[in-house]
Each structure stands twice: as C-alpha cells, then as structure tokens.
2 protein chains.
Amino acid sequence: MPVSIVLFEDNDRLRESLAYLLNSDPNYTVTGDYNNCNQAAEIIEELAPDVVLMDIDMPGKTGISGVAMVKQTRPDTAVIMYTVFEDDERLFQCLCAGANGYLLKKTPPARLFDAIQEVLNGGAPMSPNIARKVLNSFQQKTDNLYNLTDRETDVLQLLVKGNSIKVIADELNMAFDTVRSHLKKIYLKLHVNCGKEAIAKALNEKLI
Amino acid sequence: MPVSIVLFEDNDRLRESLAYLLNSDPNYTVTGDYNNCNQAAEIIEELAPDVVLMDIDMPGKTGISGVAMVKQTRPDTAVIMYTVFEDDERLFQCLCAGANGYLLKKTPPARLFDAIQEVLNGGAPMSPNIARKVLNSFQQKTDNLYNLTDRETDVLQLLVKGNSIKVIADELNMAFDTVRSHLKKIYLKLHVNCGKEAIAKALNEKLI
DNA sequence: GTAATAATCACTCAAATGAGTGATAGGCTA
DNA sequence: TAGCCTATCACTCATTTGAGTGATTATTAC
C-alpha cells in the first residue's frame, strides 16, 4: 500500500507540482491537498494520512496551529514542515507544537522522498541549517546578559535549584544577610521583584 | 586541501579502520587518532582539525568532557559524536557540551563522509533516532506525571511565571486561601516544600 | 446511596522573604 | 589619592508564604 500524504500549502502552483511529483512514484499517493489548514482536524480525522507536508504561511490559521491540530487529532500522522522560514521563533514554535521534521523550500524536491522515508522510519528530517539551529539551542548560557558578578551568579545558581536563603548562605559560607544583599542586586539587574520571578527568568533564558 | 580529521576512540581496531577508511579518500585526512581524550585540549590546540569524531565511553575522561574541551579550546572545530549510546541522558549532555552532530555506531561507514560534509556545511548530522529524540524533547509536557488536577495545573502555570499568590487568585478569580490550598496540594504531589522548588521542578521537567 | 475526590473558602501561627538603610574592607582605576 | 565597584554583614519592618486544621458543595465512582 502506498504511503498516503496530505498537503497543506497555499501556493496553488507549488501544491500541484508537489502532488504531481509525489504521485509520480507509485509508492506514494497524495490523498488530499488544501490551500489552508483551517479544517485540518476534520481532514486528518477523515483521511488518516501517514504523512502531512505543512506550509507555515497560509490564509487563516498558520501552519503552526496546523501542526498542533493534526497532532492532537491523530498523533500517529507524521508532520513535516515545508516552508521558507528559518527564524528561530517560528522554528521552535513548530517543534513545540509537535512537528516531526522541518524542511526549507529550497530543499531539492527529490530529497522529499528521502525525508518522507526518514520520518516514516522514526527519524526527523531537517534541512542542515535547521538541524544546526536545533542543536545550538542546547548550548545554553546567554553570556551574562545582565552583568551579574561571579558571586551573584553563585547565588542565582543555588536559588534556581529552589534553595532557601538560609541554605544558600550555608552552601556558600556567607552570612544570611549577605545572601539577601546579593539577591537584591540580582533582582535589580534582572528587573524582577522576587525570587520566583528570578528563577523563572533564569531558567527560561538559560542564564545559568 | 583535504579536510583534516582527528579521532578519539578507544577501540583500537575500530579507530584504525576508521582512519583507514577516511584516508582512503584523498579529500579527507586523519591527522591524529587517540584512544582517550585526556589531552584533547592540547591535541586540538596543536592540530587544529576541521572535524573531530568523538566516542563517549573511553578510559579517563568521557567523550562528554571531550566535546567540552575541544569546543572550549577551538570552537571552530566541528565535533561529531560517534557512539553506541542513545540514552537521553548522555545524548543531551553531549549536545549541551557543544556537539555538532551525533551518529550511532550502527551508521553505515559510507554515511560518515556525508556527515562530515554536512557538518562542514553548517549542518548537524544525526542518526534518525537521535534526530527524533532531539525533536521530541521540544514537545514538552511530560503528561501530568504527578496527577495534577486541572485547577492545580492552572495555578502552577501562573506560579511558574513568577506570580504571587495574590495575583494568581485575581487571575483565576478565586480566593487567596483557595490558591494556597491548591498550592499545598501541588507541593505535596511534586514532593517539594516551597514555590521556588516547584517552579524549578516544573520548568526543568517541562510540566507546564 | 455512600464513599472518594475536586474545588472552594477561612482562620491561625511561625518562618521566609523583600525593601530600605547603612556600614566596612579590599581592589581597581583615573 | 579619590572615586567606584564588589563582597561582606547588620538591623528593621511589613508582606508573603508554608503548615496545620477544618468546612462546604458538587461531581464522580462503586
């Protein structure tokens, strides 16, 4: 049985050539193609495709909501983003929404077949630049954007683990009030008003 | 000028066949091969290779420290992990340490050439399973491992943003004491003792 | 129909925290 | 040398929070 594919892509010409290309191989069949993903849930429910190719920029709902909808209604359908965008913002939104692959439109069309095979085999096809961005995102540590001193960093590190002031003081061999003094400066520098906000900010921005 | 490569791999036989394989193509040259990465910094400093292939399990320092050392002394050298391990623990440690690729040893040797090209072109070669794990790591939400109720989740979500109890109460239109009541149950379920720990745990384990 | 759970709210008390103010000592720099 | 920053510590005061206890209502499960 051929691999069933659904396309969401608002450029009619591109969508039709993609369908034509994929259908040209008997191992693949495009069972549906749409110029928007507003009804993605219903469509996926009905067609139950193996793979979805999803554009991002479409009238109505974006492909980002699109992925989420597809994944929510049928988690087994593999979704490969197919877009011109390579900004971090949209990229990571798609990944968080559950995309299983991310190809740039400059990908040679022949590579699409590989990508589909890859995603069906439990892989995650990505254009090289995208893969690099994804890996880089693990190399945390925004370098000290807020000009924390060494000692302040020590304190923040322990705070972020959920320690109380008393424990931090103990750990760093300093007086209780010294820790509070550092904390006040940290809050100032991070523009927050309390430890909880500081922890949230530090973890979200990978300051530690 | 051929691509210069350094190998860190403690299995002598494997290391030698890798060197032989890579050297067999005039576009590549193995300028050094070592059975441990204890002196990685000095070696990289001296040889300044384009690419490093790094095993993880080696006597002395692990390949995880290895990547860190290489990247610290010469960020421009691309490091590709080459290992049998595919557990999340080591994988993400390597990525955080700065690895630019991650191949499993079951990778067909011929694919190594592609991978090296890919990493030199700014990509991030990964075995399919690895790429999938990496993408999956973005799909947060460990599903409610701690059996939080809907309302508790609401509260935790706001707490994690650094909000005070008062603000949370306001936001969710409930009494101050109701929020505290929910928080107590949340702390119980998460096995923590205070809001700061809860935030740290929630963010680290992507509970929200 | 009763037991269990979730969601709501109230009250107390002690501990933790944030804010404000100020002080001392060491190091660096202009 | 004077000025500035960092790290250290102290004290006060009001607010926030954690902990303990208890109660009501609605919904779900058995």
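Only a predicted model underlies this, so the values are computations on that prediction, with no experimental measurement involved. When reading the values below, keep in mind they use all heavy atoms of this one structure, side chains included, and skip hydrogens, waters and symmetry mates.
- Within 6.0 Å of the CD atom in A:Glu86, the count of heavy atoms belonging to other residues, nucleotides or ligands exceeds 12.
- For A:Asp12, the CG atom is densely surrounded, since the number of other residues' heavy atoms within 6.0 Å is greater than 12.
- For DNA chain D, the contact window with chain A, defined by any atom under 4.0 Å from a protein heavy atom, covers D:dT6 to D:dT17 in 5' to 3' order.
- One atom, CG of B:Asn147, and another, P of C:dA4, lie 18 Å apart when rounded to the nearest Å.
- Within 6.0 Å of atom NZ in A:Lys105, more than 12 heavy atoms from other residues, nucleotides or ligands are found, so the atom counts as buried in its surroundings.
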Pairs: protein N or O with nucleotides 7-9 of chain C N or O, under 3.5 Å:
residue	atom	partner	partner atom	Å
C:dA7	OP1	B:Arg151	N	3.4
C:dA7	OP2	B:Thr149	OG1	2.4
C:dT8	OP1	B:Arg151	NE	2.9
C:dT8	OP1	B:Arg151	NH2	3.3
C:dT8	OP2	B:Arg151	NE	3.2
C:dT8	OP2	B:His182	NE2	2.8
C:dC9	OP2	B:Ala175	N	2.5
C:dC9	OP2	B:Thr178	OG1	2.8
C:dC9	O5'	B:Thr178	OG1	3.2
C:dC9	N4	B:Ser181	OG	3.3

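- Taking the charged nitrogens against the carboxylate oxygens, A:Arg132 and B:Glu118 have no contact shorter than 4.0 Å, which rules out a salt bridge.
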Atom pairs and distances, donor-acceptor, side-chain atoms in residues 34-41 of chain A, under 3.5 Å, two or more places apart:
residue	atom	partner	partner atom	Å
A:Asn36	OD1	A:Asn38	N	2.9
A:Asn36	OD1	A:Asn38	ND2	3.3
A:Asn38	OD1	A:Lys61	N	2.8

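- Sparse packing is recorded around CG of B:Asp150, with 12 or fewer heavy atoms of other residues, nucleotides or ligands lying under 6.0 Å away.
- Rounded to an integer number of Å, the gap from NZ of A:Lys184 to C1' of C:dA23 is 13 Å.
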What donor-acceptor contacts under 3.5 angstrom involve side-chain atoms of residues 64-75 of chain A, with partners at least two apart or in another chain?
residue	atom	partner	partner atom	Å
A:Ser65	OG	A:Thr62	OG1	3.4
A:Lys71	NZ	A:Pro75	O	2.9
A:Lys71	NZ	A:Thr77	O	2.8
A:Lys71	NZ	A:Asn100	OD1	2.8
A:Thr73	OG1	A:Met69	O	3.2
A:Thr73	OG1	A:Val70	O	3.2
A:Arg74	NH1	A:Pro49	O	2.8
A:Arg74	NH1	A:Thr77	OG1	2.5

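- Exactly one residue among A:Thr29, A:Thr31, A:Asp25 makes a side chain to side chain contact (heavy atoms under 4.5 Å, CB included) with A:Pro2. That residue is A:Thr29.
- Residues from residues 158-169 of chain A that place a heavy atom under 4.0 Å from any atom of DNA chain D: there are none.
- One atom, CG of B:Asn193, and another, C1' of C:dA16, lie 13 Å apart when rounded to the nearest Å.
- Residue pairs meeting the salt bridge (Lys or Arg N to Asp or Glu O under 4.0 Å) criterion with at least one partner in residues 152-165 of chain B, sequence neighbours excluded, are B:Arg151-B:Asp154, B:Glu152-B:Lys189.
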- prompt: Taking it one step at a time, do B:Lys133 and B:Asp88 satisfy side-chain contact (heavy atoms from CB on, under 4.5 Å)?
  reply: CA-CA 8 Å; B:Lys133 272 174 190 284; B:Asp88 289 12; 2.9 Å; yes

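- For the pair B:Lys196 NZ and C:dA16 P, the computed distance is 10 Å after rounding to whole Å.
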